[in-house]
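Data block below; observations after.
Note that the structure is a prediction, hence the values are computed from the model and not measured. By convention in this document, chain letters (A, B, ...) are assigned in the order of the sequence lines, proteins followed by strands, and residues within each chain are numbered from 1.
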Number of protein chains: 2
Amino acid sequence: MTLKDLQYIKQKLAYHGLKVTHQRLVIYQVLQETDTHPAAEGIYEKIKKRNPSISLGTVYKTLEVFVKKGLIKKINTSEGNMRYDARIDNHNHIYCTNTKEIIDFKDLELDMLVRAFLKRKKIGNFTLKEFRLHISGEKIDPGKHIEITG
Amino acid sequence: MTLKDLQYIKQKLAYHGLKVTHQRLVIYQVLQETDTHPAAEGIYEKIKKRNPSISLGTVYKTLEVFVKKGLIKKINTSEGNMRYDARIDNHNHIYCTNTKEIIDFKDLELDMLVRAFLKRKKIGNFTLKEFRLHISGEKIDPGKHIEITG
DNA sequence: TCTTTGTTGATAATTATTATTGTTTAAATT
DNA sequence: AATTTAAACAATAATAATTATCAACAAAGA
């Protein structure tokens, strides 16, 4: 996290009409640095080490504010726990039912494929906001990463 | 619900190694008759009218048993609430963020499209269990149904 | 500076779900 | 048909995740 990045986050908060506070900076920062789609609790645990005064309630509240302002996204696992994601561009998720990991999976070809399909298949009385492909299964070797090729 | 249907449910339960009890019959029956993907609470409310003695805990436990045996499926809304579905064939869901409705959306073409895509795009160190397209947006007229054409 | 409004931490409350326990019941066995 | 037994039940307590409350504080505006 460079000074430049910090400036950028400050701008982002201000742009969305949010006061720039230490808590908000830290929470956003941690979420941005984490690619495991943490729960509120997980973010809180990370923060606590350096900022023991920040309360869990504030983490929940702040994340919710971010979601409402469109700064971050809220997703859920198939077990029903809420997780947060600093990536707001449309992308898909691979969920491992064993390790509970959520792995990002962005693919323009797939986006186009589905988008074209939905255009053909008209859904009446409905305005589409977004679509996401949820892929679920299990890692073969939990110690290793999932690799997307081809 | 005819006598034949009831017999069929009894067979289903027995086939999955479950004792046939009144509670289980009623719970499965209600879920099967409901196409709104109810929560445990919702199923309980429906049941209560005719069977005031069945407890909410039993509804939760029974649904969980059904899920484990593969008789029904558990899904969640983007708000994180668990819902149940008697349809166990793979199908997609359209979620209305306004009315909180989940509408089934089965399309073989889409299935093939995605399946072919995933075959090309190899996901290493991972065994795929299932995929589902989550479409979310809002009904234009909440009083009317969503209609899929084309 | 004074006032207003927004933010925070501490804590209480709520909601959804799961666990426990004594009792009852379905179905296997006699 | 009566007895046994393991599974299932209702009632209730417990837990986990999340949200609400509220007093104290900080920043922005008058």
Open item on the list: Tell me the interatomic distance from B/L56, atom CG, to D/dT15, atom C1', rounded to whole angstroms.
Closed with: 15 Å
- [ ] May I ask you to say what B/V20 touches in the nucleic acid, namely base, sugar-phosphate or nothing, with a heavy-atom cut-off under 4.0 Å?
- [x] sugar-phosphate
Open item on the list: Could you check whether any side-chain N or O of B/D141 sits under 3.5 Å from a backbone N or O of B/G143, counting only pairs where one atom can act as donor and the other as acceptor?
Closed with: yes
Task: Residue mapping more 5' on DNA chain C - nearest nucleotide basis, B/N81 or A/T58 - done: A/T58
TODO: Kindly point out which of D/dA10, D/dA6, C/dA10 is positioned nearest to the side chain of A/S55?
DONE: C/dA10
- [ ] Ignoring backbone atoms, test whether A/S53 places a side-chain nitrogen or oxygen under 4.0 Å from the OP1 or OP2 oxygen of C/dG9.
- [x] yes
TODO: Would you kindly give the CG-to-C1' distance between A/N51 and C/dT8, to the nearest whole Å?
DONE: 13 Å
Open item on the list: Please confirm whether the shortest side-chain N or O distance from B/Q23 to OP1 or OP2 of C/dT25 is below 4.0 Å.
Closed with: no
Open item on the list: By the 4.0 Å heavy-atom rule, please label B/T21 as base, sugar-phosphate, or nothing.
Closed with: sugar-phosphate
Open item on the list: So which atom in A/K106 and which in A/N90 form the shortest heavy-atom distance, rounded to 0.1 Å?
Closed with: NZ-O, 3.0 Å
Task: Ring geometry between B/Y28 and B/F66 (parallel below 30°, tilted from 30 to 60°, perpendicular above 60°) - done: perpendicular
Task: Proximity to the side chain of A/K61 - top-ranked nucleotide from C/dA10, D/dA10, D/dT19 - done: C/dA10
Task: Spacing of A/E79 atom CD relative to C/dT18 atom P, expressed in whole Å - done: 10 Å
Open item on the list: Ignoring hydrogens, what is the shortest heavy-atom contact between A/V59 and A/I47? Give both atom names and the distance.
Closed with: CG2-CD1, 4.5 Å
TODO: Measure from CD1 on A/I27 to P on C/dG9 and round the result to the nearest Å.
DONE: 8 Å
TODO: Please tell me which of B/H22 and A/T62 maps to the more 5' nucleotide of DNA chain C, matching each residue to the nucleotide holding its nearest heavy atom.
DONE: A/T62
Task: Of the listed nucleotides C/dA26, D/dC9, D/dA10, the one nearest the side chain of B/K19 - done: C/dA26
Task: Rounded interatomic separation in angstrom, taking NZ from A/K69 and C1' from C/dG6 - done: 11 Å
Open item on the list: Between A/A39 and B/I54, which residue's closest nucleotide on DNA chain D lies nearer the 5′ terminus?
Closed with: B/I54
TODO: Let me know the distance between CG of B/L18 and C1' of C/dT25, rounded to the nearest Å.
DONE: 15 Å
Open item on the list: What's the closest nucleotide to the side chain of B/M82 if the choices are C/dT18, C/dT17, C/dT7?
Closed with: C/dT17
- [ ] Check the distance between C/dA16's P and B/I43's CD1 and give it to me in whole angstrom.
- [x] 14 Å
Open item on the list: From the set C/dG6, D/dA8, D/dA17, return the single nucleotide nearest to any side-chain atom of A/Y60.
Closed with: D/dA17
TODO: For the pair A/H91 and A/H37, name the ring-plane relationship: parallel under 30°, tilted 30 to 60°, perpendicular over 60°.
DONE: tilted
- [ ] Would you please test B/N92 and B/H134 for side chain to side chain donor-acceptor pair (under 3.5 Å) and show each step?
- [x] CA-CA 6 Å; B/N92 307 293; B/H134 285 231; over 6 Å; no
TODO: Check whether any side-chain N or O of B/R24 sits under 4.0 Å from OP1 or OP2 of C/dA26, and answer yes or no.
DONE: no
Open item on the list: Rounding to an integer number of Å, can you tell me how far B/E41 CD sits from C/dT17 P?
Closed with: 9 Å
